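What you see is a predicted model, and the numbers here were worked out from it, not measured in a lab.
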Amino acid sequence: LAQIDRVAIADERDPDSAGWALARRHGVTSAPFFVVFEGGAERVYTGYFQFAREVLQRQVRERDELAELLERNPELDFI
């Protein structure tokens, strides 16, 4: 949740709502979908499981690798 900047709702009563505008911009026709900005690139995931596998699990692995590195090297500090 700390990585989520914004949640956009597609209000069925308002075709100009933020969620609908985002869906039109990315050519998405179903919900939920996820827009990920990383390293200057933007990627749209239309399936939760693909998003979870490719983005969330990678972030967990990176965090675990960092924790392990700090554990093995107590002279290092995390900023």
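Not a single ring-ring contact (aromatic ring centres under 6.0 Å, His included) links Phe33 to another residue, sequence neighbours left out. With sequence neighbours excluded, the residues forming a salt bridge (Lys or Arg N to Asp or Glu O under 4.0 Å) with Asp11 are Arg13, listed by chain and number. Shown here are the side chain to side chain contact (heavy atoms under 4.5 Å, CB included) partners of Ala18, two or more places apart in sequence or in another chain: Arg6, Ala8.
Ile9 and Trp20 fall into different hydrophobic clusters, where Ile, Leu, Val, Met, Phe, Trp and Tyr side chains are chained together by heavy-atom contacts under 4.5 Å. Residues Phe37 and Val44 fall within the same hydrophobic cluster, defined by Ile, Leu, Val, Met, Phe, Trp and Tyr side chains chained together at heavy-atom separations under 4.5 Å. Under a hydrophobic clustering in which Ile, Leu, Val, Met, Phe, Trp and Tyr are joined whenever their side-chain heavy atoms come within less than 4.5 Å, directly or via other members, Val35 and Tyr45 fall into different clusters.
Sorted by first and then second residue, the salt bridge (charged side-chain N to carboxylate O under 4.0 Å, His left out) pairs with a member in residues 28-37 form an empty list; sequence neighbours excluded. Sequence neighbours left out, the pairs with a member in residues 39-51 that pass salt bridge (charged side-chain N to carboxylate O under 4.0 Å, His left out) are Arg25-Glu42, Arg43-Glu54.
Here the closest heavy-atom approach between residue Ala10 and residue Ser17 is recorded as CA-OG, 3.5 Å.
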